[in-house]
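The block underneath contains the structure these notes are about, expressed in C-alpha cells.
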Amino acid sequence: MESLSVDEQQAASSSSTSPSAPDTRPTSISPQKRRRVEDSTNAAPHASLLKRMGGPSAGKAGLALDQAEINRRIYEASKGSKYFENERRNDERITRKVEAMLARMDERLRAVPEGGPEWLAIEKKADALASKLESTRDLSRHIVHCDMDQFYGAVELKRDPSLKGKAFGVGKGVLVTASYEARAYGCRSGMATYIAEALCPHLITVPNDMQAYVAASQDVMSIFRRFDSNLAQASLDEAYLDVTDHCRINGVGVDDTIAELRRQVREETGLTVSVGVAPNTMLAKIGSDKNKPDGQFRLEATASDCIDFMHALPVRKVPGVGRVTERILQALGVETCGDIWRLRVRIALVLGDGDLEWLLRYNLGIASSIVEPGKREERKSVGREHTFQPTNDPERLLELLRESADRVAEDLKKLDFVGKRVTLTCKAADFQRFTRDQTQTGYVSQADDIFRITRTLLEHELKIQPGLSLRLIGARVSTLKDVR
DNA sequence: ATACATACC
DNA sequence: GACTGGTATGTAT
C-alpha cells in the first residue's frame with residue numbers, strides 16, 4: 001500500500017511562519033540514565049562507530065577507495081586518541097538510546113497489535129495529518145538553492161592555479177574543505193589534517209584565508225541579487241532565491257534564468273555554482289546536490305513529482321537529519337523518505353505525533369516556500385571560543401577566558417547588541433564539552449562584565465573539579481537587545 | 001532558568 | 001600524538 005490517499009489538490013499559499021531555510025527535524029528520544037559500560041578498547045569496532053569515525057560528511061560518491069576501506073583507515077589512524085575515545089563514548093550513548101527506543105517499541109507494539117482497532121485509529125489519524133499537510137502544499141513559486149562548488153578550494157585555485165588537478169585541502173589542524181581529487185581518497189571537510197594525510201599521502205594543505213572567502217562571497221551574492229534582491233543568504237557559499245517574479249517580469253523561463261545566473265557567476269568570478277529549483281526550500285536544497293558540480297536541476301512543480309522525488313531519498317539527505325537522527329530512524333526501519341509512509345503508525349507509536357508530522361513532510365516533500373533575508377533583530381547570540389594546548393593552570397585559563405571575553409565584547413560593540421545571558425563554554429582535555437551560564441538582571445556588553453561573570457563560573461568549576469584540564473574556552477552572550 | 005544535544009557550513 | 005569555530009534550536013529538568 002504505497003500510494004497516498006492524499007488529495008492532489010493544492011494552491012492555498014503557505015500561511016506558515018516557518019523560516020526560509022528548512023531547519024526543523026524530528027526530535028530525538030530522551031537520554032537514558034543507565035551507567036556507562038566499561039572500556040571495550042580491544043573489542044572489534046561497532047559498525048556504527050566505524051561509520052561515525054568516517055565523519056559527518058562521509059558517504060559521498062566518486063571515491064578512489066571503497067567507503068568501507070576509508071572508514072577502516074580512518075579508524076586505524078585515529079584509534080587511541082582522546083578524540084577517538086570521546087567519539088566512542090558518544091557512539092555508545094547513542095547506541096543505548098537506540099536500544100531503549102527499540103525496547104519501548106516492542107512494548108508499544110505488544111500493546112497495540114498491528115491491524116487492531118487502536119492501530120487502525122492511529123493510521124487514520126496519520127492519514128488525516130497527511131491530508132492536512134497536503135492542503136498546505138504551495139507549488140506556485142520557483143524556489144532556488146544556489147550552492148557554490150567546493151567554494152574555499154575554488155577561491156584558492158583561483159589564487160594558485162598550480163593546484164589544479166591536485167589533491168589539496170584547505171585548513172590547518174582540521175580541513176575546512178577538500179578538493180574533488182582529495183575527496184576521491186576520502187578526505188573530507190571537518191577531518192583532521194593528519195587523518196587526511198594518512199588517506200592521501202600526497203595531499204597538499206593550504207592555510208585558510210577567511211578574508212578572501214568573504215570577499216568572493218560578496219561578489220557572488222551581488223550577482224545572485226540581480227535575480228532576487230530579497231535573497232536569503234544561508235552561509236558564505238549558499239543562498240536561497242525566489243526567482244518567480246524575475247522570470248515573469250522578464251518573460252524568461254526558469255531553466256534559462258538559472259543558466260544565465262550560472263553563466264554570469266562563471267564569467268564574472270571564475271567560480272562555478274550548482275543550482276536546484278523546486279517549489280520549496282527543502283526540495284531546492286536537495287536538488288542543488290543532484291548535478292554537482294557546475295550543474296542545475298529542476299523539479300517539476302506537481303505534488304506527485306515532489307512525492308516521487310522524496311521516495312527513494314535516504315532520510316540522511318534531508319536538511320536537518322544528522323547522523324544521530326539517521327541512526328534512530330534506521331533502527332525503526334526508516335532508510336528512505338518513502339519508508340516513512342509505510343511505517344507511519346510505528347513512527348507515531350514510538351516517536352509521537354510531533355515527529356510524525358515532520359517526517360510526513362519529508363515523505364510528501366512539503367516545506368516552506370518563503371524566502372526572506374535573515375533579519376538583524378533575529379540574531380540570538382554572539383560568542384567566541386578557541387582551542388589551545390590543554391592546560392590545567394588556572395592563571396593561564398583565566399588569561400584565555402579574558403581573550404574570549406574581549407572578543408565577544410568587540411563583536412557586540414561592532415554589532416550594537418547588548419545581552420542578558422552570559423555563557424561559559426568549556427571543552428575538557430578529554431573532549432567532553434560543558435557550558436555554564438547565568439542570566440543577569442540587567443543588560444551587559446562590556447568586556448570586564450563578560451569576563452567577571454564567566455570567570456566566576458569558571459572558578460566555581462575549578463573548585464568542584466580540581467585539576468580540571470581544558471582544551472577550549474569560550475564566552476557567549478545571548479538574550480540580546482538591539483541598541484542600534 | 002540552566003544544561004546539554006543535535007545540526008549546519 | 002594529532003580532530004575547528006559560530007550560531008540556532010530542541011529537549012529535559
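Note that the structure is a prediction, hence the values are computed from the model and not measured. All chains are named by letter (A, B, ...) in the order of the sequence lines, taking the proteins before the strands, and each is independently numbered beginning at 1.
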Next item on the list: With sequence neighbours left out, write down each residue that passes side chain to side chain contact (heavy atoms under 4.5 Å, CB included) with A:T387, or none if nothing qualifies.
Entry: A:R471, A:L472
May I ask you to say what [X] touches in the nucleic acid, namely base, sugar-phosphate or nothing, with a heavy-atom cut-off under 4.0 Å?
X: A:F431; value: sugar-phosphate
X: A:I195; value: base
X: A:E87; value: nothing

So, does [X] get its side chain near the phosphate of [N], meaning an N or O under 4.0 Å from OP1 or OP2?
X: A:R471; N: C:dC3; result: yes
X: A:R379; N: C:dT7; result: yes
X: A:T439; N: B:dT2; result: yes
X: A:K97; N: B:dT6; result: yes
X: A:R384; N: C:dG6; result: yes
X: A:T193; N: C:dA2; result: no

Item checked: Residue A:K82 excluded, over 12 heavy atoms near NZ under 6.0 Å ->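 For A:K82, atom NZ is not crowded (no more than 12 foreign heavy atoms under 6.0 Å).
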Item checked: Test: A:K79 cationic atom under 6.0 Å from A:F84 six-membered ring centre, within 45° of axis -> no
Next item on the list: Identify, with sequence neighbours excluded, every residue that meets salt bridge (charged side-chain N to carboxylate O under 4.0 Å, His left out) alongside A:R108.
Entry: none
Next item on the list: Report yes or no: is there a donor-acceptor pair, N or O only, under 3.5 Å between the side chain of A:S78 and the base of C:dC3?
Entry: yes
